Amino acid sequence: VQLVESGGGLVQAGGSLRLSCATSGFTFHDHAIGWFRQAPGKEREAVSAINNNGEIEYYSDSVKGRFTISSDMAKKTVYLQMHRLRSDDTAIYYCASRSDMWRFSTTWRRTDQYNSWGQGAQVTVSS
């Protein structure tokens with residue numbers, strides 16, 4: 001199982017970035033994918049998630065209306081499009097996969113529900 005994030009970088013406040021999470025080694029349509037982030041000195045927090053068939057999306061309140069998650073089944077890749085970035089979006093962003101869809105709507109934020117994680121991509125927003 002492998003998840004590889006890409007697309008991070010340095011952007012000015014108000015700008016946009018698109019993160020990609022390329023996956024391999026598992027049946028993509030049987031897994032949900034979540035995006036998490038961790039800022040220095042803070043706990044890892046959930047940002048967004050998409051269910052196994054790519055039809056249901058979840059967002060944290062802090063990114064709702066600014067970020068959009070999507071999945072490409074053919075490429076086995078999940079994207080996080082980020083607009084109107086703010087300095088408090090600065091963090092390392094991780095994608096993670098989970099095969100257990102039980103109560104996904106209420107557990108998508110829980111890091112312990114995800115089986116595999118990528119190495120992370122740094123996003124830095126300058127003010």
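Quick caveat, the model's predicted, so the values are computed rather than measured.
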Quiz prompt | Check: Asn51 main-chain N/O paired with Tyr58 side-chain donor or acceptor under 3.5 Å | solution = no
Quiz item: Going by heavy atoms in the side chains, are Leu85 and Gln12 under 4.5 Å from each other?
Solution: no
Quiz item: Is there a side-chain contact between Ser71 and Phe28, using heavy atoms and a 4.5 Å cut-off?
Solution: yes
Quiz item: Going from CZ on Phe104 to CZ on Arg109, what distance comes out if it is rounded to the nearest 0.5 angstrom?
Solution: 10.5 Å
Quiz item: Nearest heavy-atom pair of Ser127 and Ser87: which atoms, and what distance?
Solution: CB-CB, 4.5 Å
Practice problem: Flag the pair Trp108 / Tyr114 as yes when at least one side-chain heavy-atom distance between them is below 4.5 Å, and no otherwise. | Solution: yes
Self-check item: Note, Leu19 side chain near Tyr94 side chain (heavy atom, < 4.5 Å)
Solution: no
Quiz prompt | Single-linkage hydrophobic cluster Val78~Val1, side-chain heavy atoms < 4.5 angstrom | solution = yes
Exercise. Kindly assign one of parallel, tilted or perpendicular to the pair Phe36 and Trp117, based on the angle between their ring planes and the thresholds 30° and 60°.
Key: tilted
Self-check item: Flag side-chain contact, heavy atom, 4.5 Å: Val123 against Leu17
Solution: yes
Practice problem: Identify the two heavy atoms, one from Gly120 and one from Ile92, that lie closest to each other, and give their separation to 0.1 Å. | Solution: CA-CG2, 3.8 Å
Quiz item: Which heavy atom of Ser16 sits nearest a heavy atom of Arg84, and at what distance?
Solution: OG-N, 4.4 Å
Quiz item: Rounded to the nearest 0.5 Å, how far does CG of Asn52 lie from OG of Ser97?
Solution: 12.0 Å
Exercise. Would you name the heavy atoms of Met101 and Ala32 that are closest together and state the gap between them?
Key: SD-CB, 3.6 Å
Quiz prompt | Test log, rule side-chain hydrogen bond (donor to acceptor under 3.5 Å, both in side chains), inputs Tyr79 and Gln81 | solution = CA-CA 6 Å; Tyr79 304 97; Gln81 178 69 55; over 6 Å; no
Quiz item: CE of Met82 to OG1 of Thr68: how many Å apart, nearest 0.5 Å?
Solution: 11.0 Å
Quiz item: Distance from Arg98 atom CZ to Gln113 atom CD, nearest 0.5 Å?
Solution: 5.0 Å
Practice problem: Decide yes or no for Thr107 and Trp102: does some side-chain heavy atom of the first lie under 4.5 Å from some side-chain heavy atom of the second? | Solution: no
Quiz item: How far does OG of Ser99 sit from CG of Asp30, to the nearest 0.5 angstrom?
Solution: 8.5 Å
Exercise. Establish whether Phe67 and Val11 are linked, either directly or via other cluster members, by ILVMFWY side-chain heavy-atom contacts under 4.5 Å.
Key: yes
Quiz item: Do Arg66 and Asp89 have side-chain heavy atoms sitting under 4.5 Å apart?
Solution: yes
Exercise. Answer yes if Val4 and Met73 sit in the same cluster of Ile, Leu, Val, Met, Phe, Trp and Tyr residues linked by side chain heavy atoms under 4.5 Å apart, and no otherwise.
Key: no
Self-check item: Check: Val125 main-chain N/O paired with Thr90 side-chain donor or acceptor under 3.5 Å
Solution: yes
Practice problem: Please tell me if the side chains of Asn53 and His29 come closer than 4.5 Å, counting only heavy atoms from C-beta onward. | Solution: no
Quiz item: When rounded to the nearest 0.5 angstrom, what distance separates NZ in Lys76 from OG in Ser24?
Solution: 8.0 Å
Quiz prompt | Hphob cluster co-occupancy, Tyr59 + Ile33, side-chain heavy atoms under 4.5 angstrom | solution = yes
Quiz item: Tyr93 and side chain to side chain donor-acceptor pair (under 3.5 Å): which partner among Gln38, Glu5, Arg37?
Solution: Arg37
